[in-house]
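Lettering follows sequence order; numbering is per chain, from 1.
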Amino acid sequence: MHVQLPDGSQLELPEGASGLDAARSIGPRLAAQAVGVRVDGDLSDLRLSLEDGQQIEILTTRNGDDPDALVVLRHSTAHLLAEAVRRLYPGVKIAIGPAIENGFYYDFDFPEPIAEEDLDRIEEEIGRELAEGRQWRREELERDEARRLFVEQEEPYKVELVDDAEGPISLYTQGDFTDLCRGPHLIDSKPVKAFKLTGLAGAYWRGDSANKQLTRIYGTAFFSKEDLETHLTRLEEAKKRDHRRLGRHLDLFHFDEHSPGSPFWHPKGMAVFNQLEDLRRRENARRGYLEVKTPLIYDKALWVTSGHWEKFRENMFLIPVGEEHVYGIKPMNCPGHMLLFGSKLRSYRDLPLRYAEAAPLHRNELAGTLHGLTRVRYVTQDDAHLFCTEDQISAELDGCLDYLRYVYGIFELEPRAELSTRPENKLGSDEEWDFTEGELRAALDRHDISYALGAGEGSFYGPKIDLHITDVLGRSWQMGTIQLDAQMPARFGLTYIGADNREHPVYVIHRALLGSFERFIGILLEHTGGDLPLWLAPVQVRVIPVGESHAAAAGAIAEGLRKAGFRADLDDRDESVGRRIRDAELEKISRVVVYGDKESADNLAVRERGGAQSRKTLHELVIGLTPLASPPSS
RNA sequence: GCCGACGUAGCUCAGCUGGUAGAGCACUUCACUCGUAAUGAAGGGGUCCGCGGUUCGAUUCCGCGCGUCGGCUCCA
């Protein structure tokens with residue numbers, strides 16, 4: 001038979017030859033370095049037989065940048081970890097241990113809890129395994145045989161996995177450690193040149209909080225020590241861009257234990273926040289949205305009607321009022337907007353009706369989930385509810401997606417779209433969900449937006465198009481969301497009078513495009529490293545008088561810039577010019593005007609962040625900055 | 001909420017095995033009046049997260065609570 005190599009050449013092999021055989025026939029060095037094989041684009045095990053006509057690519061220890069090569073390395077290292085743990089901790093039960101982005105983990109059920117210090121001795125044990133050398137053997141068993149093996153080994157989690165598996169079971173054995181595993185794995189442990197156990201965490205069996213919590217050990221591995229060093233350095237660099245750190249250093253916001261999860265916005269942070277609010281308000285007005293304001297607290301009865309009492313109560317702050325009543329602080333704007341819509345009879349001529357409100361929302365998020373600005377209890381969404389007829393749904397979705405494209409384009413952010421479908425605790429029938437999910441899917445297709453499917457991740461009242469962005473530490477956050485809802489308007493009995501003079505059901509599109517201002521600012525800080533575009537920057541121009549005698553004139557320049565609509569300040573501290581320039585750099589201020597004996601309003605020394613200097617009149621400075629001082633228009 | 005770690009000056013952090021605390025930056029004052037990334041000197045500042053316990057004595061050891069960090073679950 002023949003297989004095709006990456007350079008296009010054909011390789012002749014005997015029937016049933018494996019990827020490893022192919023590597024050997026090319027050369028012994030290639031075979032010695034081989035870690036896996038890509039067959040027709042998919043990662044596969046070197047031991048598996050190839051078929052005639054396949055395209056193959058041998059992955060080796062030299063493919064340190066190839067995610068597939070690293071997956072094999074890390075997955076095998078996870079097995080070494082499990083072997084070490086089982087030797088060191090008799091009675092431990094093993095669960096699963098896959099490769100993940102940037103590393104791997106393995107979940108264990110320890111008889112006694114372990115602590116982070118234990119990682120050192122586990123690392124040493126893995127080091128011993130590597131010194132001895134390990135070879136992996138692959139075998140396939142029938143399910144019954146595999147089940148018997150893991151029952152004998154008293155590995156209940158593995159037995160459960162075998163029970164759920166289909167077809168023959170593949171096993172990998174290194175040393176005296178055998179694991180249920182789909183593979184692929186290394187041939188031997190020589191390629192594991194650098195590894196590190198990076199963390200310890202609790203993780204529920206099968207990701208379900210109703211199940212037992214296991215202990216997860218995280219680690220990473222590379223084909224060279226240099227690659228590991230590079231990885232660790234990159235992590236350190238990333239931490240410097242952490243929005244929580246930037247928020248403190250740039251004096252944007254802080255948190256206090258008296259109100260966990262609720263940011264205190266400092267004047268400079270508020271300047272950023274307000275710019276986003278202005279963008280929202282201006283663009284909403286252009287697109288036919290109507291600004292409203294609805295109450296922050298509502299009687300429990302409203303939450304019962306909306307379904308929040310049943311589905312969302314644990315996440316709500318509740319206030320007892322007198323003996324009889326309980327009020328809930330709103331975690332979402334939708335119920336209030338339902339009441340507003342229902343406050344009078346609506347005609348088809350009124351639709352679509354687009355209510356927008358960026359009200360403060362409070363969600364009692366679990367303590368362990370709070371995370372700087374990206375997960376807060378005090379949330380402000382750029383929220384809107386679009387009330388429309390069934391016929392108007394697709395046009396309204398088009399409007400949302402167009403708006404979405406505009407707003408993310410401004411920030412040069414490229415979110416990943418996800419279609420989140422009906423969850424287990426949904427309201428409404430499957431037929432209704434078929435319809436709403438279909439509408440969202442069609443809208444995404446119309447706009448040629450590729451998306452992942454988030455099965456079961458929809459809101460309890462409707463499916464969603466979600467937009468996700470990754471933070472500086474590689475964590476994915478949901479930003480914007482567009483949700484199509486037939487449930488809530490029905491629960492509120494919302495209808496409109498059609499041209500036929502009869503009542504018809506109303507649909508609602510819940511949409512937030514930035515998501516929340518809090519999370520958006522957090523992500524934006526990380527993506528820009530705090531170097532915000534001029535229109536968002538808290539201080540756009542700083543004026544530095546050279547000496548005391550220049551303070552008044554320099555102050556007038558700053559004042560002139562403020563009158564022209566810029567956020568300008570004056571640094572007349574009793575410090576050297578060099579010192580004040582340095583501070584402006586550290587504060588990431590875009591433009592600095594140094595004002596001394598040589599300067600006048602017609603001759604300013606302007607320094608751009610980074611060092612470029614030029615001379616301009618005040619007028620030229622204003623004219624030059626003006627286009628940068630507002631976001632690109634749609 | 002769950003698992004693990006951590007909590008010392010405004011910030012970043014030192015502080016062996018118990019004897020009431022330090023540095024750099026920041027802040028205040030004074031001198032210098034300064035030209036594009038740190039002028040010098042002096043000074044002030046701490047219920048060592050909180051509450052209990054052990055001890056002659058607790059920042060240090062133990063328990064509980066609160067908060068933060070890394071994960072899990074959940075979510076904008």
Engineer: Just checking A/E548: base, sugar-phosphate only, or nothing, at a heavy-atom cut-off of under 4.0 Å?
Structural biologist: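 Base contact.
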Engineer: Quick one: look up who B/C6 pairs with, Watson-Crick or G-U, both distances under 3.5 Å, and put none if it's unpaired.
Structural biologist: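 Partner of B/C6: B/G67.
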Engineer: Side chain of A/P113: nearest nucleotide among B/U12, B/G4, B/A38?
Structural biologist: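 Nearest nucleotide to the side chain: B/G4.
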Engineer: Specify whether A/W477 and A/H371 have parallel, tilted or perpendicular ring planes, treating 30° as the upper limit for parallel and 60° as the lower limit for perpendicular.
Structural biologist: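 A/W477 vs A/H371 ring planes: tilted.
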Engineer: Just to verify, what does A/E160 make a salt bridge (charged side-chain N to carboxylate O under 4.0 Å, His left out) with, not counting sequence neighbours?
Structural biologist: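 A/E160 satisfies salt bridge (charged side-chain N to carboxylate O under 4.0 Å, His left out) with A/R206 once adjacent residues are dropped.
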Engineer: OP1 or OP2 of B/C75 less than 4.0 angstrom from a side-chain nitrogen or oxygen of A/T369, does that happen here?
Structural biologist: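 For B/C75, OP1/OP2 do not have a side-chain N/O of A/T369 under 4.0 Å.
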Engineer: Using a 3.5 Å cut-off and no angle test, enumerate the donor-acceptor pairs between side-chain atoms of residues 511-525 of chain A and protein atoms at least two apart in sequence or in another chain.
Structural biologist:
residue : atom : partner : partner atom : Å
A/R511  : NH1  : A/Y289  : OH           : 3.1
A/R511  : NH2  : A/D382  : O            : 2.7
A/S516  : OG   : A/R519  : N            : 3.0
A/E518  : OE1  : A/T380  : N            : 2.8
A/E518  : OE2  : A/T380  : N            : 3.2
A/E518  : OE2  : A/T380  : OG1          : 2.6
A/R519  : NE   : A/T374  : O            : 2.7
A/R519  : NH1  : A/Q478  : O            : 2.5
A/R519  : NH2  : A/T374  : O            : 2.8

Engineer: Categorize A/E575 for me: base, sugar-phosphate, or nothing, with a 4.0 angstrom heavy-atom threshold over every strand shown.
Structural biologist: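 Base contact - A/E575 has a heavy atom under 4.0 Å of at least one base atom.
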Engineer: Tell me what A/V577 touches on the nucleic acid: a base, only sugar-phosphate, or nothing, going by heavy atoms under 4.0 Å.
Structural biologist: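 Sugar-phosphate contact only.
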Engineer: Give A/R475 one of three labels, base, sugar-phosphate or nothing, depending on what nucleic acid heavy atoms sit under 4.0 Å from its own.
Structural biologist: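 Touches sugar-phosphate only.
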Engineer: How are the rings of A/H308 and A/F460 set to each other: parallel, tilted or perpendicular (split at 30° and 60°)?
Structural biologist: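 Plane angle over 60°, so perpendicular.
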Engineer: Applying a 3.5 Å limit to both distances, which nucleotide forms a Watson-Crick or G-U wobble pair with B/U55?
Structural biologist: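 The base-pairing partner of B/U55, which may sit in any strand shown, does not exist here.
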Engineer: Taking all atoms of both residues into account, what is the closest heavy-atom pair of A/G456 and A/T421, and its distance?
Structural biologist: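 For A/G456 and A/T421, the tightest heavy-atom pair comes out as N-OG1, 3.1 Å.
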Engineer: Does A/Y204 get its side chain close enough to the base of B/G71, under 3.5 Å, for a donor-acceptor pair?
Structural biologist: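 Per atom types, no contact qualifies.
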Engineer: Considering only side-chain heavy atoms of A/A115, which listed nucleotide, B/C72, B/A5, B/U73, is closest?
Structural biologist: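 Of B/C72, B/A5, B/U73, B/A5 is nearest to the side chain of A/A115.
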Engineer: Using atom C1' of each nucleotide, how far apart are B/C13 and B/G50 to the nearest Å?
Structural biologist: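 Comparing C1' positions in B/C13 and B/G50 gives a spacing of 23 Å.
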Engineer: Is it true that A/D531 and A/K588 make a salt bridge, defined as a side-chain N closer than 4.0 Å to a carboxylate O?
Structural biologist: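 So A/D531 does not pair with A/K588 through a salt bridge.
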Engineer: Does a distance-only test, which skips hydrogens and angles, find a donor-acceptor pair under 3.5 Å between the side chain of A/D574 and the base of B/C34?
Structural biologist: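 By the distance-only test, yes, there is a pair.
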Engineer: Rounded to whole angstrom units, what separation is found between the CG atom of A/L473 and the C1' atom of B/G71?
Structural biologist: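 My rounded result for the distance is 12 Å.
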Engineer: Taking OP1 and OP2 of B/A37, is either one under 4.0 Å from a side-chain nitrogen or oxygen of A/R607?
Structural biologist: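 True: A/R607 side-chain N/O within range (under 4.0 Å) of B/A37 OP1/OP2.
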Engineer: What nitrogen or oxygen pairs link the protein and nucleotides 23-26 of chain B at under 3.5 Å?
Structural biologist:
residue : atom : partner : partner atom : Å
B/A26   : OP1  : A/R579  : NH1          : 3.2
B/A26   : OP1  : A/R579  : NH2          : 2.2

Engineer: Across the strands shown, which category fits A/A367 at heavy-atom distances under 4.0 angstrom: base, sugar-phosphate, nothing?
Structural biologist: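 It contacts base atoms.
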Engineer: Do A/E599 and B/G35 share a donor-acceptor pair, side chain to base, under 3.5 Å?
Structural biologist: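 Per atom types, the contact qualifies.
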Engineer: Measure the acute angle between the ring planes of A/H79 and A/H75, then classify it against the limits of 30° and 60° as parallel, tilted or perpendicular.
Structural biologist: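 Plane angle over 60°, so perpendicular.
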Engineer: Going by side chain to side chain donor-acceptor pair (under 3.5 Å), name the residues that satisfy it together with A/T436, two or more places apart in sequence or in a different chain.
Structural biologist: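 Residues passing side chain to side chain donor-acceptor pair (under 3.5 Å) with A/T436: none at all.
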Engineer: Both A/A201 and A/S459 contact RNA chain B. Which one's nearest nucleotide lies toward the 5' end?
Structural biologist: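 The residue whose closest nucleotide sits nearer the 5' end is A/A201.
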Engineer: Do any N or O atoms of the protein come closer than 3.5 Å to N or O atoms of nucleotides 44-49 of chain B, and which pairs are they?
Structural biologist:
none

Engineer: Between residues 258-273 of chain A and RNA chain B, which residues have a heavy-atom gap below 4.0 Å?
Structural biologist: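 Contacts with RNA chain B under 4.0 Å: A/P260.
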Engineer: Going by heavy atoms closer than 4.0 Å, what residues in residues 237-245 of chain A are next to RNA chain B?
Structural biologist: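 Per residue number, the list reads A/R244.
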Engineer: Can you check the distance between B/C56 and B/C51, where both ends of the measurement are the C1' atom (answer in whole Å)?
Structural biologist: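 To the nearest whole Å, 23 Å.
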Engineer: Categorize A/S209 for me: base, sugar-phosphate, or nothing, with a 4.0 angstrom heavy-atom threshold over every strand shown.
Structural biologist: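 If one applies the 4.0 Å heavy-atom cut-off, A/S209 turns out to touch the sugar-phosphate alone, with no base involved.
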Engineer: Only counting residues at least two apart or in another chain, list the ones meeting salt bridge (charged side-chain N to carboxylate O under 4.0 Å, His left out) with A/E585.
Structural biologist: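 A/E585 satisfies salt bridge (charged side-chain N to carboxylate O under 4.0 Å, His left out) with A/R607, A/R609 only.
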Engineer: OP1 or OP2 of B/A76 sitting under 4.0 Å from any side-chain N/O of A/K464?
Structural biologist: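 For B/A76, OP1 or OP2 has a side-chain N or O of A/K464 closer than 4.0 Å.
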Engineer: Salt bridge (charged side-chain N to carboxylate O under 4.0 Å, His left out) with A/K311: which residues, sequence neighbours excluded?
Structural biologist: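 Not a single residue meets the salt bridge (charged side-chain N to carboxylate O under 4.0 Å, His left out) criterion with A/K311.
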Engineer: Using purine N1 to pyrimidine N3 plus N6-O4 or O6-N4 for Watson-Crick, or N1-O2 and O6-N3 for G-U wobble, each under 3.5 Å, what pairs with B/G45?
Structural biologist: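 B/G45 is unpaired by these criteria.
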Engineer: Can you figure out which of B/G1, B/G35, B/A76 approaches the side chain of A/R363 most closely?
Structural biologist: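 Nearest listed nucleotide: B/A76.
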Engineer: Just call it for A/E365: base, sugar-phosphate, or nothing, with non-hydrogen atoms closer than 4.0 Å on any strand.
Structural biologist: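 Base contact - A/E365 has a heavy atom under 4.0 Å of at least one base atom.
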Engineer: With a 6.0 Å cut-off on ring centres, are A/Y106 and A/F108 close enough?
Structural biologist: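 That pair passes the under 6.0 Å test.
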Engineer: What nucleotide, of B/C75, B/C72, B/A38, holds the atom closest to the side chain of A/R375?
Structural biologist: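 So the nucleotide nearest the side chain must be B/C75.
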Engineer: What is the nucleic acid contact for A/L514, judged by heavy atoms within less than 4.0 Å: base, sugar-phosphate only, or nothing?
Structural biologist: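 A/L514: no heavy atom of the nucleic acid under 4.0 Å.
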Engineer: Using a cut-off of strictly less than 4.0 Å, decide whether A/H371 has a side-chain nitrogen or oxygen near OP1 or OP2 of B/G70.
Structural biologist: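 A/H371 to B/G70 OP1/OP2: side-chain N or O found under 4.0 Å.
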Engineer: Using both distances under 3.5 Å as the test, list the Watson-Crick or G-U wobble partner of B/C30, or none.
Structural biologist: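 Per the H-bond distance test, B/G40.
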Engineer: Is it the case that the base of B/A76 and the side chain of A/Q478 share a donor-acceptor contact (distance under 3.5 Å, atom types as modelled)?
Structural biologist: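 Under the 3.5 Å cut-off, the side chain and the base do not form any donor-acceptor pair.
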Engineer: When we call it a touch if two heavy atoms are under 4.0 Å apart, what does A/G199 touch: a base, just sugar-phosphate, or nothing?
Structural biologist: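 Since no nucleic acid heavy atom lies under 4.0 Å of A/G199, the category is nothing.
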Engineer: Measure from the side-chain N and O atoms of A/E310 to the backbone N and O of A/G307, and report whether any donor-acceptor pair falls under 3.5 Å.
Structural biologist: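 No, because the side chain of A/E310 does not come within donor-acceptor range (under 3.5 Å) of the backbone of A/G307.
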Engineer: Salt bridge (charged side-chain N to carboxylate O under 4.0 Å, His left out) with A/E396: which residues, sequence neighbours excluded?
Structural biologist: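 Result, salt bridge (charged side-chain N to carboxylate O under 4.0 Å, His left out) vs A/E396: A/R354.
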Engineer: Could you pull out all residues at least two apart from A/W265 that satisfy ring-ring contact (aromatic ring centres under 6.0 Å, His included)?
Structural biologist: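 Testing A/W265 for ring-ring contact (aromatic ring centres under 6.0 Å, His included), a comparison that skips the adjacent residues, returns A/F253, A/F273.
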Engineer: Going by the angle between their ring planes, with limits at 30° and 60°, are A/H337 and A/H385 parallel, tilted or perpendicular?
Structural biologist: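 Rings of A/H337 and A/H385: perpendicular, over 60°.
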Engineer: For A/E116, report the nucleic acid contact type (base, sugar-phosphate, nothing); a contact means any heavy atom under 4.0 Å.
Structural biologist: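 If one applies the 4.0 Å heavy-atom cut-off, A/E116 turns out to touch the sugar-phosphate alone, with no base involved.
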Engineer: Just call it for A/A210: base, sugar-phosphate, or nothing, with non-hydrogen atoms closer than 4.0 Å on any strand.
Structural biologist: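 Nothing, no nucleic acid heavy atom in range.
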Engineer: Would you mind classifying the nucleic acid contact of A/D466 as base, sugar-phosphate or nothing, using non-hydrogen atoms under 4.0 angstrom?
Structural biologist: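 It contacts nothing in the nucleic acid.
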Engineer: Which base, if any, makes a Watson-Crick or G-U wobble pair with B/G24, both distances under 3.5 Å?
Structural biologist: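 Looking at the geometry, B/G24 pairs with B/C11.
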Engineer: If the condition is ring-ring contact (aromatic ring centres under 6.0 Å, His included), which residues does A/H254 pass it with, not counting sequence neighbours?
Structural biologist: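 Per chain and number, A/H254 pairs via ring-ring contact (aromatic ring centres under 6.0 Å, His included) with A/F264, A/H266.
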Engineer: Should A/E457 and A/K464 count as an ion pair when the cut-off is N to O under 4.0 Å?
Structural biologist: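 Result for this pair is no, no salt bridge flagged.
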Engineer: Ignoring hydrogens and angles, answer whether the base of B/C75 and the side-chain atoms of A/R519 contain a donor-acceptor pair closer than 3.5 Å.
Structural biologist: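 Per atom types, the contact qualifies.
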Engineer: So what's B/U60 paired with, Watson-Crick or G-U wobble, going by both distances under 3.5 Å?
Structural biologist: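 Its partner is none (no Watson-Crick or G-U wobble pair with both distances under 3.5 Å).
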Engineer: Check the distance between B/C3's P and A/D109's CG and give it to me in whole angstrom.
Structural biologist: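 Distance, rounded to whole Å: 14 Å.
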